[in-house]
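Please read the structure below before turning to the comments.
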Amino acid sequence: MTPTILTCAVTGTFPTRQHNPALPVTPAEIADACLGAAKAGAAICHIHVRDPATGRPSMQLDYYREVVQRLRASGTDLIINLTTGPGGRFVPSDDEPAKAAASTTLTTPQARVAHVLELKPEICTLDLNTMWFGGGAVINAPRNIAIMAEAIYAAGVLPELEVFDTGDIVLANELVDAGTLKMPALFQLCTGIKYGMPSTPEMLALAQKLLPKGAMWAAFGPGKHAFPMLAQAFTLGGHCRIGMEDTVHLSRGTPAPSNAALVEKAVRIIHELGGRVATPDEARQMLKLPARKG
């Protein structure tokens with residue numbers, strides 16, 4: 001059986017330490033969470049960064065640099081996957097909706113990939129969604145997606161295409177046909193986000209069928225859907241994702257003590273369903289990434 005690539009998304013944007021005190025916030029904590037997840041069986045870690053003082057999401061290059069340097073200095077063979085999602089949010093002002101409220105982060109496509117061009121991870125995310133999400137409108141214009149994609153490919157990085165609804169997959173197919181996105185492609189089916197694809201077996205099966213022919217894919221669901229969707233992704237032949245970005249609970253009413261604990265449970269589920277998780281080197285071969293140096 002082809003091994004399953006397991007990604008750990010260690011911190012994300014929305015969870016806070018009020019949700020779970022074990023949530024990693026500082027660059028050192030985020031790097032340590034990645035190393036723990038790798039030891040537990042994750043081949044890839046998907047990485048956001050936060051302001052260490054406030055815990056709020058950040059786009060600061062210095063924070064990304066510290067996380068990446070710590071991981072590379074550790075000697076781990078973990079595959080690093082940096083987000084490019086931040087910088088796409090527009091929040092309309094109540095009095096003048098055409099003007100941005102203070103919480104708006106919408107910025108240029110070049111700014112959203114600056115850390116990727118500098119640090120050159122093996123993978124970075126590329127969001128294809130335009131939708132209402134978490135109190136604001138996430139805007140990923142096709143023009144900006146194309147600019148980001150060109151820069152990502154030029155840096156020798158594989159984009160993980162994050163899709164949140166079926167229309168995002170329609171857009172992906174058009175961008176593949178236009179040559180903007182390259183095949184074979186890697187997709188992440190992001191289910192369970194309000195106003196996007198629901199976390200159901202029927203939705204996951206439909207999304208899989210809409211993908212470009214030959215695409216590799218993984219899927220996840222948030223909160224209570226995290227482990228059920230992991231099992232369903234495995235059953236349908238996809239790869240899997242877990243981590244505190246998606247759920248801060250190990251089970252109902254039980255906060256996760258670490259990202260590693262979530263990965264350990266995910267590995268156990270995959271094993272009990274008859275599969276096995278891929279090593280980082282196996283994942284590199286499957287994703288056609290260059291062999292690890294050293």
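We number each residue from 1, following the sequence as shown. Atom set for the values below is all heavy atoms of this structure, side chains included, hydrogens, waters and symmetry mates excluded.
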Is the shortest side-chain heavy-atom distance between [X] and [Y] below 4.5 Å?
X      : Y      : result
Phe227 : Leu262 : yes
Leu117 : Val157 : no
Asn144 : Arg112 : no
Leu181 : Leu126 : yes
Val163 : Leu189 : yes
Phe220 : Cys190 : yes
Pro184 : Met216 : no
Asp168 : Asn140 : no

Spatial distance of atom [atom1] ([X]) from atom [atom2] ([Y]) [nearest 0.5 Å]:
X      : Y      : atom1 : atom2 : answer
Leu204 : Met197 : CG    : CE    : 8.0 Å
Glu245 : Thr83  : CD    : OG1   : 7.0 Å
Leu211 : Asn173 : CG    : CG    : 7.5 Å
Thr235 : Met229 : OG1   : CE    : 10.5 Å
Cys8   : Asn81  : SG    : CG    : 11.5 Å
Cys34  : Ile79  : SG    : CD1   : 12.5 Å

Identify the heavy atoms of [X] and [Y] that sit nearest to each other, and give their distance.
X      : Y      : value
Val25  : Gly55  : CG1-CA, 3.7 Å
Ala266 : Leu230 : CB-CD1, 3.5 Å
Gly214 : Met183 : C-CE, 3.9 Å
Ile193 : Pro222 : CD1-CG, 4.5 Å
Ile269 : Ala231 : CG2-CB, 4.3 Å
Ser58  : Tyr64  : O-OH, 4.1 Å

Task: Test side-chain contact (heavy atoms from CB on, under 4.5 Å) applied to Thr7 and His239, step by step - done: CA-CA 8 Å; Thr7 293; His239 300 289; over 6 Å; no

For [Y], is there any backbone N or O sitting under 3.5 Å from a side-chain donor or acceptor partner on [X]?
X      : Y      : answer
Arg17  : Leu23  : yes
Glu118 : Ala114 : no
Asn259 : Val10  : yes
Thr200 : Met203 : yes
Lys265 : Leu250 : yes
Glu96  : Ser93  : no
Gln188 : Leu161 : no
Asn20  : Val248 : yes
Thr13  : Pro57  : no
Arg292 : Thr76  : no

So does [X] have more than 12 non-hydrogen atoms from other groups sitting under 6.0 Å from [atom1]?
X      : atom1 : answer
Tyr153 : OH    : yes
Lys224 : NZ    : no
Gln110 : CD    : yes
Asp95  : CG    : no

Applying the 4.5 Å side-chain criterion to the ILVMFWY set and letting contacts propagate, would [X] and [Y] be lumped into a single cluster?
X      : Y      : answer
Met1   : Ile5   : no
Leu171 : Leu186 : no
Leu61  : Val67  : yes
Leu106 : Met131 : no
Ile152 : Val176 : yes

- [ ] Go through Leu82 and Val68 one step at a time and tell me if the side-chain contact (heavy atoms from CB on, under 4.5 Å) criterion holds.
- [x] CA-CA 9 Å; Leu82 299 183; Val68 171; 4.1 Å; yes

- [ ] Could you walk me through whether Glu162 and Asn129 pass side-chain contact (heavy atoms from CB on, under 4.5 Å), step by step?
- [x] CA-CA 8 Å; Glu162 293 207 343; Asn129 61 320; over 6 Å; no

Open item on the list: Using a strict threshold of under 4.0 Å (side-chain N to carboxylate O), is an ion pair present between Arg70 and Glu66?
Closed with: yes

Open item on the list: The test is side-chain contact (heavy atoms from CB on, under 4.5 Å); show your working for Trp217 and Leu236 and say whether it passes.
Closed with: CA-CA 10 Å; Trp217 64 276; Leu236 286 174; 3.9 Å; yes

TODO: Please name the residue in the list Met286, Glu282, Arg276 that meets the side chain to side chain contact (heavy atoms under 4.5 Å, CB included) test with Thr2.
DONE: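 The side chain to side chain contact (heavy atoms under 4.5 Å, CB included) with Thr2 is passed solely by Met286 among Met286, Glu282, Arg276.
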
- [ ] Could you tell me whether Arg50 sits above the aromatic face of Tyr63, with NZ or CZ closer than 6.0 angstrom to the six-membered ring centre and within 45 degrees of the axis?
- [x] no

